[in-house]
Structures are given as C-alpha cells and as structure tokens.
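Reading through the structure tokens given below for one structure.
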Amino acid sequence: QECTREVKRLIPHQEVPTSTASPSSRGVVGGVHHPPVRGHFYAMSLFFFSLDCLRELSSHEPLNRSWPTPSIADLTDALHGLCSRSWKGDLEDIVHDSHEFTRAEVLPDRCFESVYMVTLLRDGFGFNLESRDITFTFLVDGDEVEWSLGMAISHFAEEQLPAVTLLGDDGVDADVGASVNGVLRMYDEKYLNVYE
C-alpha cells in the first residue's frame, strides 16, 4: 500500500477511479492527455520482465492462469503476494535463481517496478480493470522484441513514409501490414550492413 501511494504521488494524474471514469477524464499522466485506450497492446521489455517476475513470485493463481493476457485487476491483486514477501529468510534465499529474467541485484527492485507499472497502466493510461487488452511478451514469432526496434521502425517510417496513416475512419487501415513489412524490408536493406 505504501509503494502504491508513493507511485501515485510520483505519477501526477487525475484522481478518478478507473472503473467509473469517463474516457475523457482518464489517460492523463504528468499533465499530458493520452488518447483513449482502444485496441490490443503488446507490453515488452521491462513491462514483461517485471510483471512476469510478479506472476512467478506472487503465487497468485488467477494471474498465473490468465498469463500472458491478465486483466489489470489480476495484476493489482497479485502485487500484495510479491510485495509482502520478506527479504530475510525468503527472497534472500532465492536471490540467485528467483526468476529467469531477474538478476540478483535487480530482485530487490521488482516490487516497486511492478507497483509502478500496474499503477501507470491502471491510473495513468486508464486501462479498464477487467480488460485483457495487453499481452505481455518477450518474443514475437521467435524473435526478441524491444522498444529500441519499435523506435527505429517509427523513425525510419517517418523518414521514408511520412504520409502513412495507421488508422482510418473505420479502424485499422488495410495497408498497415504491407506498410510495416515494407518499412522493415527497407530498414533491413539500409542498415543491415552496419551490424555485420
């Protein structure tokens, strides 16, 4: 509870309960309004590493059953299971093999990271408590996914295809898949030799 209060203090947002908030009153983080949450999202990198650790070390059965697409409520309910664990005589005994993606020096931070991420998703971005619109993942089609690849693709797309629109009036543009694949091919052709 104390971590949650601190995180809410550190992430300035409107104090509107997510379950009753209108779409226009949610999605404010640090004074910046974000568009309403809609569609399906993939959470990767630290979101995956921390919340997968939460899943494993919280012993929260509903989170384990629903993984990799838990509800925000599942994640929120599991926080106590991890954060109430004692360091002495418990976590310190498993620090070197606690979780596949958690090094010993990172384990003491996993509770706070998990509280921060769940609070950000729930109270900051306004994800509905019961929705399962986020898939937490490390691999997509067998390849590791990281924010840096997304950033590179985004920058390259802006540079090469400034007029590409991902969302039409009636939803996702039919040419999005072709556009993204084209951007990936151009990116590979332009930058592949840099890393060889």
Side-chain angles (χ1 to χ4, degrees), residues 1-21 26-32 34 37 41-140 142-151:
Q1 295 294 343
E2 186 176 330
C3 286
T4 301
R5 279 192 302 276
E6 274 305 299
V7 168
K8 283 185 175 187
R9 187 182 66 77
L10 294 172
I11 303 174
H13 61 281
Q14 293 179 347
E15 288 293 331
V16 179
T18 304
S19 59
T20 60
R26 295 190 327 218
V28 178
V29 179
V32 177
H34 296 276
V37 174
F41 297 85
Y42 286 88
M44 56 202 75
S45 197
L46 192 58
F47 275 93
F48 171 78
F49 301 137
S50 293
L51 297 178
D52 187 59
C53 184
L54 170 68
R55 177 188 63 79
E56 279 194 23
L57 298 184
S58 69
S59 301
H60 189 263
E61 197 52 41
L63 179 55
N64 277 310
R65 281 193 311 268
S66 64
W67 192 260
T69 55
S71 68
I72 299 299
D74 291 338
L75 293 167
T76 302
D77 293 345
L79 289 172
H80 180 73
L82 171 61
C83 297
S84 66
R85 290 185 70 167
S86 174
W87 182 257
K88 292 256 185 242
D90 183 6
L91 293 176
E92 73 177 347
D93 295 340
I94 62 168
V95 71
H96 294 290
D97 61 350
S98 61
H99 178 249
E100 179 181 2
F101 302 108
T102 301
R103 295 182 321 274
E105 62 270 14
V106 175
L107 182 60
D109 300 323
R110 286 300 196 221
C111 170
F112 187 79
E113 291 170 352
S114 297
V115 169
Y116 173 80
M117 290 175 191
V118 171
T119 304
L120 184 63
L121 293 171
R122 182 189 61 223
D123 301 332
F125 294 116
F127 278 91
N128 183 288
L129 289 176
E130 298 306 322
S131 76
R132 297 186 184 279
D133 293 334
I134 306 172
T135 298
F136 294 89
T137 187
F138 176 61
L139 302 173
V140 173
D143 293 317
E144 184 176 341
V145 179
E146 292 189 13
W147 69 268
S148 54
L149 176 60
M151 179 72 108

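Rounding to the nearest 0.5 angstrom, the gap separating the CG atom in Leu139 from the CZ atom in Phe48 is 7.5 Å. The CG atom of Leu79 sits 7.0 Å away from the SG atom of Cys111 when rounded to the nearest 0.5 Å. The line from OH of Tyr42 to CG of Asp133 is 11.5 Å long, rounded to the nearest 0.5 Å. Separation of atoms OG (Ser58) and CG (Leu75) is listed at 9.0 Å; rounding is to 0.5 Å. A distance of 13.0 Å separates CZ of Phe49 from OG of Ser114, quoted to the nearest 0.5 Å. Of the inter-residue distances, the one linking Tyr116 atom OH with Leu121 atom CG reads 10.0 Å to the nearest 0.5 angstrom.
Side-chain contact between Pro68 and Thr137 is absent, with no heavy-atom pair separated by less than 4.5 Å. No side-chain heavy atom of Val118 sits under 4.5 Å from any side-chain heavy atom of Phe127. For the pair Leu46 and Met117, the minimum side-chain heavy-atom distance is below 4.5 Å.
The backbone N or O of Ser71 sits less than 3.5 Å from a side-chain atom of Asp74, completing a donor-acceptor pair. No donor-acceptor distance shorter than 3.5 angstrom exists from the side chain of Arg110 to the backbone of Leu82, with no hydrogens or angles considered.
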Ile72 vs Asn128, side chain to side chain contact (heavy atoms under 4.5 Å, CB included): CA-CA, chis, key distance, verdict | CA-CA 7 Å; Ile72 299 299; Asn128 183 288; over 6 Å; no
Quick one: do Leu57 and Ile94 satisfy side chain to side chain contact (heavy atoms under 4.5 Å, CB included)? Show the steps, please.
-> CA-CA 10 Å; Leu57 298 184; Ile94 62 168; 4.1 Å; yes
Under the side chain to side chain contact (heavy atoms under 4.5 Å, CB included) criterion, do Leu120 and Phe125 qualify, and how do the steps go?
-> CA-CA 6 Å; Leu120 184 63; Phe125 294 116; 3.3 Å; yes
Evaluate the criterion side chain to side chain contact (heavy atoms under 4.5 Å, CB included) for residue pair Phe101 and Val106; output intermediate values, then yes/no.
-> CA-CA 10 Å; Phe101 302 108; Val106 175; over 6 Å; no
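In this structure, a donor-acceptor pair under 3.5 Å is absent between the side chains of Asp77 and His60.
Taking every heavy atom of both residues into account, Arg132 and Ser66 meet most closely at NH1-CB, 3.3 Å. Residues Ala78 and Leu54 share a closest heavy-atom pair of O-CD1, 3.5 Å.
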